Amino acid sequence: MSAESTPEPGIPGVAGTPDEPGTGGPGHRAKGHRRKPRARRRGLLIAAWTAAGVVVLGGTGLGYVYFKLNGNIKSVDIDQALGTDRPTKADNGSENILVLGSDTRSGANKKLGGGTDDGSARSDTAMIVHVYEGHKKASVVSIPRDTLIDRPACTDTRGAAHDAATGVMFNSAYTTGGAACAVKTVESLTGVRMDHYLEVDFSGFEKLIDELGGVEVTTTEDIEDPDSHLDLKAGTHTLDGEQALGLVRTRHGVGDGSDLGRIQLQQAFIKALVDQVKDVGLLTSGKKLYDLADTATKAVTTDSDLGSLNSLMSFASGLKGIGADDMHMITMPVRYDPANPNRVLVEKAKAQQVWTALQNDRPIPETATEGNATGEAAGVVSSS
């Protein structure tokens, strides 16, 4: 992952302490014609969320520590690239954050995910996080990467223009024009203003889980997927970074073999990690705090408004009261494409219920989540 702009680096010399978008798709594993994609990147909302939370705890040092952590943070100027033709910004204190998981297919990411090192960056995980007024609750809407959409024309943060496209996969927006085009596409699809942007590198996600000491989950059935290097028997496990990454990447080992099933595993993992992160003993070791903060700030790219340690600390302070029970997690209403079982289509009427709720800072109605394609992996993973 390469950031398109970065804040000023830390002060040097100061001594101190401290597929093209993938092609695999939904459908039942029993159907032999289903194409199986390379298993690869899988960043998560919780990596960004934990990164922010760790910064709150670990960013209170002075001098070298502050400048070192501040220099880790990469940022992109979304607002300048998108201009003024955007949905109206809410003025009631609620916020919408687009969280993407991405990789560059090079370096540590290539080692983790396999595939060709072609120099490109891709995003396969997209979540809209709506933080309600008062910052006590949040709704999280996952957007399947395989959704066919009409992508708007956009300008990336380097000033290059990209033409509109019809009937393309959702995650092609990021591949085409990076963060700015991804935000533009989400705003066009939803009519909801994205106040912030957080991007999580999936090799950084693995390191962050290891720094946190792993995550305990319970699986109700065996999960085996050689593509994502995952082999879990039914039961309770403390997942290290590699296993956690495998769990949130797997699609063949559980459910109907679709990206929708993978999203259900991701959402369950997020709740498990949110449940447990408060118990990892962050206050017992200064070195542990620093190592977590260092890993977290290296793992994320933000919009320019969050592109400093102070800004990220302030933002995270507004999220730290939201626990797993305060998060309502859904997948954007979709149905399988009858013309191509490897793709999904937006259920427009139900999706509009979701977007209208977020626009008005209201809970997402149950009617929006009934009868949609699911992935058939609900309940396979839970908090221990």
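Here, residue 1 is the first one in the sequence, and each next residue gets the next number. Quick caveat, the model's predicted, so the values are computed rather than measured.
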Salt bridge (Lys or Arg N to Asp or Glu O under 4.0 Å): pairs with one or both residues in residues 79-93, sequence neighbours excluded
D79-R86, R86-E187, K89-D195
What pairs of residues pass the salt bridge (Lys or Arg N to Asp or Glu O under 4.0 Å) test when at least one of them lies in residues 361-375, not counting sequence neighbours?
none
Scan for disulfide (SG to SG under 2.5 Å) pairs involving residues 310-346, sequence neighbours excluded, and state none if there are none.
none
Using the disulfide (SG to SG under 2.5 Å) rule, collect all pairs that involve residues 153-205, keeping only residues at least two apart or in two chains.
C154-C181
Tell me, please, which residues at least two apart from H162 pass ring pair (Phe, Tyr, Trp, His ring centres under 6.0 Å).
none
Do N372 and V334 have side chains that get closer than 4.5 Å, going by heavy atoms?
no
Answer whether the closest heavy-atom distance between the side chains of M332 and F170 falls below 4.5 Å.
no
Side chain of [X], backbone of [Y]: donor and acceptor closer than 3.5 Å?
{"X": "T356", "Y": "Q352", "value": "yes"}
{"X": "N96", "Y": "V131", "value": "no"}
{"X": "T295", "Y": "D291", "value": "yes"}
{"X": "R193", "Y": "P87", "value": "yes"}
{"X": "T219", "Y": "G235", "value": "yes"}
{"X": "E133", "Y": "G93", "value": "no"}
{"X": "S304", "Y": "G307", "value": "no"}

Are T238 and V215 close enough, and set up right, to give a side-chain contact (heavy atoms from CB on, under 4.5 Å), and what steps lead you there?
CA-CA 5 Å; T238 298; V215 177; over 6 Å; no
Nearest-0.5 Å distance that lies between atom CE in M169 and atom CG in N342:
9.0 Å
Rounded to the nearest 0.5 Å, what's the gap from CZ on F315 to CG on D305? Could you check?
11.0 Å
Sorted by chain and number, sequence neighbours left out, side-chain hydrogen bond (donor to acceptor under 3.5 Å, both in side chains) with Q243 holds for none
Restricting to side-chain hydrogen bond (donor to acceptor under 3.5 Å, both in side chains), what partner residues turn up for S142, sequence neighbours left out?
Q267
Would L247 and L230 satisfy side-chain contact (heavy atoms from CB on, under 4.5 Å), going step by step from the backbone distance to the final call?
CA-CA 7 Å; L247 179 66; L230 189 67; 4.1 Å; yes
Contacts of K137 meeting salt bridge (charged side-chain N to carboxylate O under 4.0 Å, His left out) (sequence neighbours excluded), chain-then-number -> D326
Under the salt bridge (charged side-chain N to carboxylate O under 4.0 Å, His left out) test, residues paired with E347 that sit two or more places apart
R335
Would you tell me whether T301 and Y197 have side-chain atoms, one donor and one acceptor, within less than 3.5 Å of each other?
no
Assess, by modelled atom type and distance only, whether the side chains of D294 and N72 contain a donor and an acceptor separated by less than 3.5 Å.
yes
Salt-bridge test for K207 and D210: reply yes if a basic N is under 4.0 Å from a carboxylate O, no otherwise.
no
Identify, with sequence neighbours excluded, every residue that meets side-chain contact (heavy atoms from CB on, under 4.5 Å) alongside [X].
{"X": "A244", "answer": "F205, I209, L239, F269"}
{"X": "A153", "answer": "A164"}
{"X": "A368", "answer": "Q353, V354, I364, P365"}

